[in-house]
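Okay, so here's the structure we're looking at.
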There are 2 protein chains.
Amino acid sequence: MTREHTSNLPEVPEEIIQHFDQWQAEGVDASNCPVRDVLDRIGDKWSVLILMMLAREPKRFSALNKAVGDISKRMLTQTLRALQRDGLVERTVYPTTPPRVDYRLTDLGRSALVPLAGLIVWADKRHEEIRTSRDTFDKEEAVAARLSA
Amino acid sequence: MTREHTSNLPEVPEEIIQHFDQWQAEGVDASNCPVRDVLDRIGDKWSVLILMMLAREPKRFSALNKAVGDISKRMLTQTLRALQRDGLVERTVYPTTPPRVDYRLTDLGRSALVPLAGLIVWADKRHEEIRTSRDTFDKEEAVAARLSA
DNA sequence: AGTTATGGTCTCGTTTCGTTACCAATGATC
DNA sequence: GATCATTGGTAACGAAACGAGACCATAACT
């Protein structure tokens, strides 16, 4: 009743929506919602990106640092540790000098990439639309600001 | 060659991995990667959660505030504005007193929920595994700390 | 006059983040 | 044999983002 079928967009499975409804009824807090727990972790600035970079093959710290480009060593270390802690990434140290460390996805980490791939395809397909929307929004905002001045 | 087939886990589509490879070769910066652009935005603490809460039907500001529980009004406003700017959410004001404002998903916003649902199912299925991994990691870390003391 | 309700905004103290400097150990270079 | 480069980080500091709570405008109700 709340949503009319005016387009043939892909649908969100009813089962999932029921899931959401349930959470909403209970009030979703970080403490009581497993999905919150997971999303809060990999939903940070760098985690998904790093998982993607490790998709094909293991990489060394410095290779990751170069691949991502605008991540600092500090954040790279921090993110990798968190991914390792969550069991998505495995860290191997070869005690040479200078040290050599590589990072590889675990099975769990690889399994995460499957749904993430869906998200990436979506982002790629829709990002033009999003950028357009942003431009429009910003333009309207500028007009509104001029009016109230 | 880099990945042995020892388990029957769901696979990451080769096509997607090639996508990642390409990015990696170029060096993924925020500026040159559309997916980065999108991920940086909805990959924040609250966006996904709010999209989920709006899945079934439009909601008022206060309803969202209650549903999410531990979000502050400040962040709720900020996140909703960003979602609106990106064209994922529509804001409607009814000029009554006290004011009434509701937020609903746009078609674009609804389309985002499809891949997100995949991620949520994953999180739900795997979060036990993740928690276990965390506990193990923390225990090992504690041991290491004791040794070096 | 005082209370309540809504959808925010403002301010302030805390957390988190990004930048830069630095380190240890070894092999190569001069 | 002193110097330098390399790798995978850590430490310290200033900047930006965040969370909690006070505050506001308006009108209906008591």
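Proteins get letters first, then strands, A, B, ... in listed order; numbering begins at 1 in each. Quick caveat: nothing in here was measured; it's all calculated off a predicted structure.
- Interatomic distance, CG of A:Leu49 versus CD1 of A:Ile42, reported as 12.5 Å (0.5 Å rounding).
- Counting to the nearest Å, the P atom of C:dT15 and the CG atom of A:Asp40 are 17 Å from each other.
- Within a 6.0 Å sphere centred on CD of A:Glu128, other residues, nucleotides and ligands contribute more than 12 heavy atoms.
- Here the P atom of nucleotide C:dG8 and the CG atom of B:Leu64 are 10 Å apart, to the nearest Å.
- Side-chain atoms of B:Leu113 and B:Leu105, non-hydrogen and from C-beta on, do get closer than 4.5 Å to each other.
- At C:dT16, none of the side-chain N or O atoms of A:Trp46 fall inside 4.0 Å of OP1 or OP2 (strictly under the cut-off).
- Residue B:Arg60 places none of its side-chain N or O atoms closer than 4.0 Å to OP1 or OP2 of C:dT6.
- Side-chain atoms of B:Ser133 do not come within 3.5 Å of backbone N or O of B:Glu129 as any donor-acceptor pair.
- Here D:dT7 presents its P atom at 16 Å from CZ of A:Arg91, a figure rounded to the nearest Å.
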Next on the checklist: Walk me through whether B:Val38 and A:Arg126 qualify under side-chain contact (heavy atoms from CB on, under 4.5 Å).
Outcome noted: CA-CA 9 Å; B:Val38 174; A:Arg126 300 300 201 126; over 6 Å; no

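- One atom, CG of B:Asp102, and another, P of C:dG8, lie 11 Å apart when rounded to the nearest Å.
- Using a 4.5 Å heavy-atom threshold, the side chains of A:Phe20 and B:Arg56 count as separate.
- Taking atom NZ of residue A:Lys59 and atom C1' of nucleotide D:dG8, one finds them 17 Å apart after rounding to whole Å.
- Non-hydrogen atoms lying under 4.0 Å from DNA chain C are contributed by A:Ser72, A:Arg74, A:Met75, A:Gln78, all within residues 72-90 of chain A.
- For the side-chain hydrogen bond (donor to acceptor under 3.5 Å, both in side chains) with B:Asp37, the lone residue among A:His127, A:Arg134, A:Arg131 that qualifies is A:Arg134.
- Nearest heavy atom pair, residue B:Ser47 against residue B:Thr79, reads OG-CG2, 3.5 Å.
- In this structure, A:Tyr103 reaches the sugar-phosphate backbone alone: every heavy-atom distance under 4.0 Å involves primed, P, OP1 or OP2 atoms, never a base.
- In this structure, the side chain of B:Thr96 engages the main chain of B:Pro98 through a donor-acceptor pair within 3.5 Å.
- Phosphate proximity of D:dA17 to A:Lys45: absent, as no side-chain N or O sits under 4.0 Å from OP1 or OP2.
- Spacing between atom CZ of B:Arg100 and atom C1' of D:dA27 amounts to 17 Å, rounded to whole angstrom units.
- Rounded to an integer number of Å, the gap from B:Tyr94 OH to D:dT26 P is 23 Å.
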Item to check | From CA spacing to verdict: side-chain hydrogen bond (donor to acceptor under 3.5 Å, both in side chains), A:Gln18, A:Gln22 | outcome: CA-CA 6 Å; A:Gln18 281 176 14; A:Gln22 212 178 338; over 6 Å; no

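- Here the CD atom belonging to B:Glu90 is positioned 11.5 Å from the CG atom belonging to B:Leu54, to the nearest 0.5 angstrom.
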Please produce a list of atom pairs where a protein N or O lies less than 3.5 Å from an N or O of nucleotides 25-30 of chain C.
unit_1: C:dT26; atom_1: O4'; unit_2: A:Thr97; atom_2: OG1; d: 3.3

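- For the segment residues 134-143 of chain A, the set of residues with a heavy atom within less than 4.0 Å of an atom of DNA chain C is empty.
- A salt bridge links B:Arg85 with A:Asp138: at least one charged nitrogen is closer than 4.0 Å to a carboxylate oxygen.
- Between the C1' atom of C:dT19 and the CG atom of A:Asp70 lies a distance of 14 Å, rounded to the nearest Å.
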